[in-house]
There are 2 protein chains.
Amino acid sequence: MSKKPITIHDIAEIAKVSSATVSRVLSNSNYPVSKELQIRIRKIAEESNYIPNMLGKQLKNNTSTTIAVIIPSISNPFYSSVVQGIEETARENNYTVITCNSQQDPALEEEYIRTIMQKQIKGLIISSISDDKTLLRSCMQMGLNVVAIDQVIEEDQVSQIKFNYEKGGYMGTKHLIELGHRQITYLTSKLDRPSRRSIYKGYKIAMEEAGLAPVSIESGAEELYNAIHDFDLGKKLADKVLALSDKPSALFVCNDMMAFGVINRLADKNMQVPEHISVIGFDGIDFGMMIHPALTSVKQPDYEMGKMSCKLLFDKINNEAVAAYDIVLQPQLVIRKSVKPLQ
Amino acid sequence: MSKKPITIHDIAEIAKVSSATVSRVLSNSNYPVSKELQIRIRKIAEESNYIPNMLGKQLKNNTSTTIAVIIPSISNPFYSSVVQGIEETARENNYTVITCNSQQDPALEEEYIRTIMQKQIKGLIISSISDDKTLLRSCMQMGLNVVAIDQVIEEDQVSQIKFNYEKGGYMGTKHLIELGHRQITYLTSKLDRPSRRSIYKGYKIAMEEAGLAPVSIESGAEELYNAIHDFDLGKKLADKVLALSDKPSALFVCNDMMAFGVINRLADKNMQVPEHISVIGFDGIDFGMMIHPALTSVKQPDYEMGKMSCKLLFDKINNEAVAAYDIVLQPQLVIRKSVKPLQ
DNA sequence: TTGTATGCGTTATCAC
DNA sequence: GTGATAACGCATACAA
């Protein structure tokens, strides 16, 4: 049984003024109110533990101080770092963040987008899994500001934090080649998303440039997504490598979690990394430094990606005139211990 | 420039009925409306892409379909699993979740709580860092439903998902003793939180029961919190162990992230786990299976903790009469590869 | 400088 | 079964 919260009208009554005046003071409007009244009203508000009701405010102004984030899964460390960056930037701007896990399910993604619209949220940062952008498009027409991360959305009005996946794939492969590796196999989950295809493309270009034959092993389609799914996928791919009669000297794995699985299974079968075989990952998540051997990887700046996407979003929200623009983040090689130079 | 969204009034006008009737139909009220009108109104709503405005609804009804979660940091895998559980359960109930990272900072925690109240949110799941519960208490009086996880809050009305930390500490220690270990050192971050003290207590009881002398190494106070902070802390504690002339045969580390750091530093100094020294962790996060050696740990059911806390919260929200009740989750030993039996 | 009145989109109360 | 109207809490156009 909670007592009814006090409103500006209650304060107005106590102060013997109109609620308009109270509103002007308490909402920090620059509308002129006498110093004396300001003090009196603030005092009463303080004493009565007044809490402004943002619902009323937002309904009136058609504004919102909440943004939404749609990602595949928060328990994936890459995305949790992204969200951390978003949340910090949002808080600095006095916004709160609604986090939505799409679980790689287009239907869920759509459900979330609908809810977001109903809640009158004006800003969305999304790693979209769905191919069908008609809903998103109509939401943008109705005023939703959208920033795409991780997965490109080819729509006008959608700003993007892009990442140069292709260059990343190229860099990682080049690194192995420069260390003397010739037989480099690319291990990947199903190549059904643009980001994955780009990494693979970069790998292929680097191989061909060096006159080497690209070889890839691709996993089947994914079932429902969860935290350790990629890890298990990595194990399965490692099994396929182990079954090869002519084994490569290095493995390029399409993300770190899968690389962990690869290394783990290899170790189980007494193939030491990097002594017997070298492994390089992709993403450069912090956990890479915690495993043995510490994982060499192509770093995708997760936390920074979160911060930038949020800044970009606020730019759009506060500045309707501004044209949509993209930011392209560059990959960086994180050299640790999982790659051995070949003489 | 977004066009004005359509409302029940617009639909009423098109259908030549009153907005009251439209509301009755579209809000699925059980108020009687003729079949014919129902169909007509739904058709128009559909065709015009009507999106209900939850702000209006909530302002009118003083309800909310958003809950908030306050945790130290989403980039800590333990909490990201908790949040995953919360978010899934919330979505099943058509609620969305606002995630707040307190960074172990009481001031930030308070700031978030105030925002939550302003947004008229009725439910909060919190791992509280603050000692001062006066704000939280007054919020509960104003109708906020609170469920505490991870850190106990001794207040009436606060329901808790407790975890039997002491038993966990006892179990882990007992496991080492049963495998023949006699010199077991407990490695911990600063014992300033109840949960940490309880684990230590369990360790101590098990040691004393076996006639062994408890030995602990405690780190200094923590600075600002972040993802790999615990990992680095573990490294530092490992250094202290390495400096010991008489080394223990086993280490009990107060959480998994720190245990990763311990193992990592030990390996750097050519002390193999578990060949030279055994290590057991606490939390049982999934990443434990990915490192080498796979970490034996006391499992705290993170994901389930999230699910249950959310269910408990909805129970309170929907059922004001119900008395606050606690749930006590039991620890479970996850035996992997980081502990060696001593003969 | 202050007050009055209205509307944001919805639902509930009351009349018909 | 349906409609008119008030109210939720707030901000603002307009009046004074």
Side-chain angles (χ1 to χ4, degrees), chain A residues 2-42 44-45 48-65 115 117-122 142-143, chain B residues 2-42 44-45 48-66 117-122 142-143:
Chain A
S2 62
K3 59 180 179 238
K4 184 151 110 334
I6 93 154
T7 72
I8 51 171
H9 295 106
D10 301 325
I11 295 178
E13 202 170 349
I14 299 172
K16 306 255 182 272
V17 295
S18 77
S19 59
T21 306
V22 176
S23 170
R24 282 161 192 151
V25 174
L26 263 26
S27 66
N28 298 311
S29 137
N30 48 11
Y31 201 93
V33 175
S34 71
K35 206 72 199 162
E36 178 218 13
L37 268 187
Q38 295 214 21
I39 295 170
R40 197 159 94 227
I41 289 168
R42 279 190 205 286
I44 295 172
S48 54
N49 284 312
Y50 168 70
I51 296 175
N53 183 329
M54 301 202 73
L55 259 39
K57 210 182 282 243
Q58 291 176 183
L59 181 58
K60 172 73 178 144
N61 297 343
N62 190 27
T63 57
S64 174
T65 56
T115 305
M117 290 305 286
Q118 294 186 2
K119 299 207 172 195
Q120 308 302 116
I121 288 171
K122 307 298 181 201
M142 306 188 68
Chain B
S2 62
K3 59 180 179 237
K4 184 152 116 325
I6 93 154
T7 71
I8 50 171
H9 298 292
D10 301 325
I11 296 179
E13 201 171 350
I14 299 171
K16 305 256 181 272
V17 295
S18 77
S19 58
T21 306
V22 177
S23 170
R24 282 160 192 152
V25 174
L26 263 26
S27 66
N28 296 311
S29 135
N30 48 10
Y31 203 96
V33 175
S34 73
K35 205 75 200 161
E36 178 219 12
L37 268 188
Q38 294 214 22
I39 295 169
R40 198 160 92 227
I41 289 169
R42 279 189 205 288
I44 295 171
S48 53
N49 285 313
Y50 167 69
I51 296 175
N53 183 328
M54 301 202 73
L55 258 40
K57 215 182 278 249
Q58 291 176 183
L59 180 58
K60 175 71 178 148
N61 296 341
N62 189 28
T63 56
S64 173
T65 56
T66 305
M117 291 304 286
Q118 295 186 0
K119 298 207 172 195
Q120 308 303 116
I121 287 170
K122 308 297 182 200
M142 306 188 68

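Excluded from the calculations below are hydrogen atoms, water molecules and symmetry mates; all remaining heavy atoms, backbone and side chain alike, are included.
Regarding contacts with the backbone of D:dG3, a side-chain N or O of B:T21 is found under 4.0 angstrom from either OP1 or OP2. For D:dG3, the OP1/OP2 oxygens have a side-chain nitrogen or oxygen of B:S18 closer than 4.0 Å.
A rotation axis mapping the C1' atoms of four pairs onto the next four is fitted at both ends of the helix from C:dT1-D:dA16 to C:dC16-D:dG1 over five pairs, and the angle between these axes is 50° to 10 degrees.
Residues passing the side-chain hydrogen bond (donor to acceptor under 3.5 Å, both in side chains) test with B:K119, sequence neighbours excluded: A:T65, A:T66, A:T96. For B:S64, the side-chain hydrogen bond (donor to acceptor under 3.5 Å, both in side chains) test picks out no residue, with sequence neighbours left out. B:N49 pairs by the side-chain hydrogen bond (donor to acceptor under 3.5 Å, both in side chains) definition with nothing, not counting sequence neighbours. Shown here are the side chain to side chain contact (heavy atoms under 4.5 Å, CB included) partners of A:L59, two or more places apart in sequence or in another chain: B:N53, B:L55, B:L59. Remark: B:S18 pairs with B:T21 by the side-chain hydrogen bond (donor to acceptor under 3.5 Å, both in side chains) rule, at least two apart or across chains.
Within 3.5 Å, a donor on the side chain of B:K60 pairs with an acceptor on the base of D:dA7, or the reverse.
The outermost nucleotides of DNA chain C lying under 4.0 Å from heavy atoms of chain A, listed 5' to 3', are C:dT1 to C:dG9.
Nucleic acid contact class of B:L55 (heavy atoms, under 4.0 Å, all strands): none.
Residues from residues 24-41 of chain B placing a heavy atom under 4.0 Å of any atom in DNA chain C, listed by number, are B:R24, B:S27, B:Y31.
With A:Q38 contributing its side chain and A:V33 its backbone, the two residues share a donor-acceptor pair below 3.5 Å.
The only option from B:I11, B:I41, B:V25 that meets the side-chain contact (heavy atoms from CB on, under 4.5 Å) definition with B:V17 turns out to be B:I41.
Sorted by first and then second residue, the pairs that involve residues 27-38 of chain B and meet salt bridge (Lys or Arg N to Asp or Glu O under 4.0 Å), not counting sequence neighbours, are B:E36-B:R40. Pairs passing the salt bridge (Lys or Arg N to Asp or Glu O under 4.0 Å) check and including a residue from residues 5-25 of chain A, sequence neighbours excluded, do not occur.
Between the P atom of D:dC10 and the CG atom of A:N53 lies a distance of 5 Å, rounded to the nearest Å. Taking atom CD of A:Q120 as the reference point, atom P of D:dC10 lies 18 Å away to the nearest angstrom.
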